[in-house]
Structure formats: structure tokens, C-alpha cells
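Whatever order the structure lists ligands and atoms in, that order sets their numbers, starting from 1. Just so you know, these numbers come straight off a predicted model, no measurement behind them. Below, each value reflects all heavy atoms present in this structure, side chains not excepted, and no hydrogens, waters or symmetry copies.
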Amino acid sequence: MNTPPLIAVIGTGYVGLAAGAGLAEFGNTVVCVDIDSKKIESLQNGIMPIFEPGLKELVERNVEQERLLFTTDIVDTLQDADAIFIAVGTPMNDDGSADLSALYDVIHSIGKVINKYTVIVTKSTVPVGTGACIRHILEDIYAIDSCMFDIVSNPEFLREGSAIKDFLKPDRLVIGTESVDACTTLCRIYDSLLKEGTPCVFTDVATAEIIKYASNAFLATKVSFINEIANLCDATGGNAQTVAYAMGLDHRISPYFLKPGPGYGGYCFPKDTQALIHIATTYNVPMNTVQGAIAANVYQQQVSLKKLLHLTNNLLQGKTVAILGLAFKANTDDVRQSPSITLIQELKKYDVTINAYDPEAMRSMAQMFPDVHYCQSAYEALTGADAALIMTNWDEFKHLNTKRVASLMAEKIIVDMHNILDLTQLRALGFLCDGIGQGSLLHSTR
Ligand code: UGA
């Protein structure tokens with residue numbers, strides 16, 4: 001009973017990899033499984049499939065200490081494991097619902113091989129009721145006795161770009177299960193975090209499943225809310241950063257996640273807000289605030305183009321536009337649902353030449369837009385450009401030498417969608433420029 005539980009982590013995406021390496025770091029023995037043999041082979045050779053700060057070092061350390069293994073052999077891994085963490089993707093279907101096919105494939109694999117008591121843990125973001133469905137499949141289709149397994153919902157709250165830090169030092173753990181045995185197993189797995197005093201919410205499976213969607217939808221709503229306030233500030237002359245600062249001093253609101261920008265993107269918020277609405281609709285429950293957050297975000301992803309058109313006097317045809325930042329946020333190479341995608345799609349309608357630069361995300365974006373001119377540096381992208389937009393809040397853009405930028409650009413026009421640069425300084429250098437929520441539309445008319 002004192003040997004630590006053997007953990008299988010199924011899926012080696014952001015969550016699976018970070019969770020696998022993180023659980024090993026907590027002292028557990030972890031086997032990570034993926035059906036993608038190329039990915040597994042790369043991981044076995046120490047090559048990470050994603051850019052994530054600290055991941056490579058964490059994987060290397062735990063592989064070296066023989067706590068972390070990578071394999072494609074799902075059958076043996078499932079049979080041996082005491083706890084199976086499912087971390088496969090749950091992408092969005094066309095109707096907004098979560099596509100659970102990869103998750104149910106895993107459950108069917110488990111159903112075929114399980115031969116001893118196993119704790120089945122969903123790390124993937126799944127709609128409420130999924131845990132109950134898993135139980136139904138195993139008991140009714142595979143005739144597995146209910147005492148042979150327990151279901152736990154243990155949602156993950158890590159963010160891309162800080163996944164390792166978030167996994168190793170989470171704000172809270174959520175362990176949703178109706179079983180005391182499963183709860184004990186999870187407590188052993190997370191022993192080091194619990195000893196450090198990490199708050200842990202013990203609840204039932206359904207509540208844990210809802211906590212994950214509610215958290216993401218609330219955060220998305222927070223971003224959409226401040227973006228709408230920023231747009232109002234632009235129209236009226238207020239300053240959204242000061243508004244957010246003052247709002248955040250109220251403990252009930254908090255200062256975090258109140259930065260206006262080009263609209264939220266990424267894998268999670270867009271799909272999880274839609275999935276929450278889909279499941280609520282199934283039960284005839286209105287979800288108006290989340291609907292509003294989505295609508296506000298669709299609008300927000302157009303704001304950068306509106307600002308550019310304003311500053312260029314609607315004369316974009318034939319111009320060269322530099323886009324600094326392609327990833328949906330800093331410290332990731334992920335471009336899924338990135339505001340830069342919407343911008344590029346819109347700019348293409350104007351027959352402009354697009355120079356793009358991102359420290360990590362150019363390879364992913366080139367798969368979608370091969371005809372964009374990808375540059376080796378921000379300065380190369382800005383050379384000869386008639387206008388520039390900062391679309392991702394990468395640190396290196398904060399340190400741009402604005403005098404050099406002024407000398408490189410054909411026309412000095414900048415839209416800074418993350419308020420990284422000092423507009424007053426830019427204006428002193430002769431730029432026509434705009435940030436977000438700085439009331440600056442009033443000052444930037446040509
Ligand atoms: C999000 C959640 O924050 C995680 O807790 C969750 O685990 C994850 O989804 C998931 O479900 O897997 P992530 O999508 O990696 O994490 O990125 P965030 O840092 O949350 O940013 C989401 C979007 O909101 C980005 O486009 C970001 O630029 C934007 N954002 C964030 C703002 O525009 N303003 C802010 O103040 C904060």
C-alpha cells in the first residue's frame with residue numbers, strides 16, 4: 001500500500017505533457033501514452049513537440065530519474081496502471097459541443113483491458129455528465145463490476161506559456177469523486193502539494209466538471225468585459241488601464257485578467273465557452289453572460305483592423321503592413337484562434353503585403369498562411385512597412401528601439417493592441433499611433 005500508485009497519462013498535448021512531467025516531479029512513476037508514434041519517438045529522444053518554458057528541463061530530469069516514460073503501448077500501460085489520467089483533446093464540434101470521441105476511444109480501450117481496481121481520472125475538459133457516461137460505458141457495455149474502478153474529475157487549470165509553473169504551484173486542486181478509495185489515491189498522488197498547503201476542493205464528479213467550464217467562461221467574460229470598457233474609453237477619452245487598476249483594488253474584483261487587448265484566443269476559451277452554452281442549452285438553461293462574452297470577443301478581434309483603417313485613412317490597398325506577434329499570447333507557439341489570424345484574413349481582402357514576425361509562432365502560422373512574408377526579426381518586418389500592429393504581448397516588443405523603428409518604416413503608423421509602447425513617446429517621434437482603451441482615437445485623427 002505504501003508504493004506510490006503507477007500512473008498512466010493518456011495524451012501528450014499541453015495538458016498531458018505538463019501533467020505527466022509534473023506528476024513525476026511530485027515523486028510518482030508516470031507512463032505517458034500517445035497514439036502518435038512520431039511524437040513519442042521525439043519525446044523519447046528529448047525533443048519537445050511544443051514550446052513551453054521549463055518543460056524540456058522537467059521532462060529530462062524526470063526521465064533521467066526513471067520516473068517518467070513515453071510509450072505508444074496503450075494496452076500494457078492501461079493494464080498496469082493504478083490511476084489513468086485522461087488528457088486527450090476535447091475540441092469543438094461544428095455545433096459548439098465538445099468532441100469527446102478521443103476520450104471515449106480511451107474509455108473503450110480501458111473497458112477492453114481492465115483487470116484490477118483502477119482509478120480513472122479525467123484531466124481533459126469535459127462537459128458535466130461525462131463522468132457518469134464513462135461509468136455507464138464500462139458497466140453496461142463492458143460488464144465491468146463497479147468495484148473494479150472509480151471515476152474522478154480532476155480538472156486542470158494550467159495556462160499555456162506558464163504550464164509548468166501552474167502545474168507545480170497551482171492556486172487550487174479540484175478532486176471530484178464519490179469514492180473514498182479514489183480520493184485517497186488522488187491524495188497520495190498529490191501528496192507533496194497537499195503537504196505544501198495547496199487548497200484542495202473535494203467534491204463530486206459533476207461539480208468538478210462544472211468548475212472547469214465555469215472558471216474558463218468567467219475568465220473569458222472578464223476579458224470581454226474589460227475589452228468593452230476599453231472600447232468605450234477609446235470613444236470617450238477615458239483610460240481603461242486606470243479603470244482596470246481602480247476596479248482591481250476592490251478585492252471582490254481583483255486586478256488579474258483585466259488587461260484589454262485584441263480579443264482572447266487560444267484553444268480553451270473559445271471552445272469551452274461554446275461547450276458551456278451547448279450543454280446549458282441541452283438542459284434549457286439560459287447562459288446569456290457567456291453568450292455576451294463570445295459576441296464581445298468576435299467584435300474585439302476586429303478592433304485592430306478598425307484602428308488600422310482609421311489611422312491609414314482607409315487607404316490600405318497596396319500597402320505593406322507589419323504584424324508583430326502571431327501567437328494568441330506571449331510565451332507560446334500556439335496560434336489557435338489567435339486574433340492575428342482574424343487580422344491576416346481581413347488584411348488579405350485589402351491586397352496588402354504582410355510582413356510578420358513572432359519569436360516562436362511563425363512555423364505554425366506559415367502552415368495556415370504560406371504567402372505571408374515571415375521575417376527573422378521585428379526590425380526586418382518593420383523595414384519599409386507603411387503601418388505596424390503589435391498583436392502579441394511578447395516581452396521583446398516592449399524593448400523595441402522606437403527611434404530605430406521610426407527610421408525603418410516607410411510611414412510611421414503603429415497600432416499597439418497590448419499597450420506595450422509609450423504612445424506619448426511615439427507621437428514625439430512623429431508616429432500616428434493608437435493603443436487600446438487609452439482614449440487615443442480622439443488624438444489620432446489624421
Ligand atoms: C486558459 C485558462 O486561463 C487556464 O486556467 C485553463 O487551464 C486553460 O485555459 C485550459 O482550459 O486549458 P490559456 O488559454 O492557456 O489558459 O491562456 P490564458 O492565459 O488564460 O489567456 C487566454 C486569452 O485571454 C489569451 O488570448 C490572452 O491574451 C487573453 N487575456 C488574458 C487578455 O486579453 N487579457 C487578460 O487580462 C488576460
**Asked** Is there a side chain to side chain contact (heavy atoms under 4.5 Å, CB included) between Phe149 and Ile134 once you walk through the steps?
**Response** CA-CA 11 Å; Phe149 69 94; Ile134 294 173; 5.6 Å; no
Without placing hydrogens or testing angles, list every side-chain donor-acceptor pair under 3.5 Å for residues 195-202, not counting sequence neighbours.
from	atom 1	to	atom 2	distance (Å)
Lys195	NZ	Asp191	OD2	2.7
Thr198	OG1	Leu193	O	3.0

**Message:** Whether the Asn231 and Tyr299 side chains hold a donor-acceptor pair (N or O, under 3.5 Å, no angle test) is what I'd like checked.
**Reply:**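 Judged by distance alone, the side chains do not pair up.
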**Donor on one side chain, acceptor on other, Asn355 and Glu380, under 3.5 Å** =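 No donor-acceptor contact under 3.5 Å links the two side chains.
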**Request:** Enumerate the residue pairs fulfilling salt bridge (charged side-chain N to carboxylate O under 4.0 Å, His left out) with a member in residues 255-275, sequence neighbours excluded, ordered by first and then second residue.
**Result:**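 Pairs touching residues 255-275 that pass the test: none.
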**Message:** Listing request: all salt bridge (charged side-chain N to carboxylate O under 4.0 Å, His left out) pairs with a residue in residues 118-127, at least two apart in sequence or in separate chains.
**Reply:**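 As it turns out, the salt bridge (charged side-chain N to carboxylate O under 4.0 Å, His left out) pairs with a partner in residues 118-127, which skip direct neighbours, are Lys123-Glu156.
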Under 3.5 Å, N/O to N/O: give me all the pairs between ligand 1 and the protein, one per line with atom names and distance.
from	atom 1	to	atom 2	distance (Å)
ligand 1	5 (O)	Phe157	O	2.7
ligand 1	7 (O)	Glu156	O	3.4
ligand 1	7 (O)	Phe157	O	3.2
ligand 1	7 (O)	Leu158	N	3.3
ligand 1	7 (O)	Leu158	O	2.7
ligand 1	7 (O)	Lys212	NZ	3.4
ligand 1	11 (O)	Lys212	NZ	2.7
ligand 1	11 (O)	Asn216	ND2	2.7
ligand 1	15 (O)	Glu160	N	2.7
ligand 1	15 (O)	Lys329	NZ	3.4
ligand 1	17 (O)	Lys329	NZ	3.0
ligand 1	19 (O)	Lys329	NZ	2.8
ligand 1	26 (O)	Gly265	N	2.9
ligand 1	26 (O)	Phe328	O	3.4
ligand 1	34 (N)	Lys259	O	2.9
ligand 1	36 (O)	Leu258	N	3.3
ligand 1	36 (O)	Lys259	N	2.8

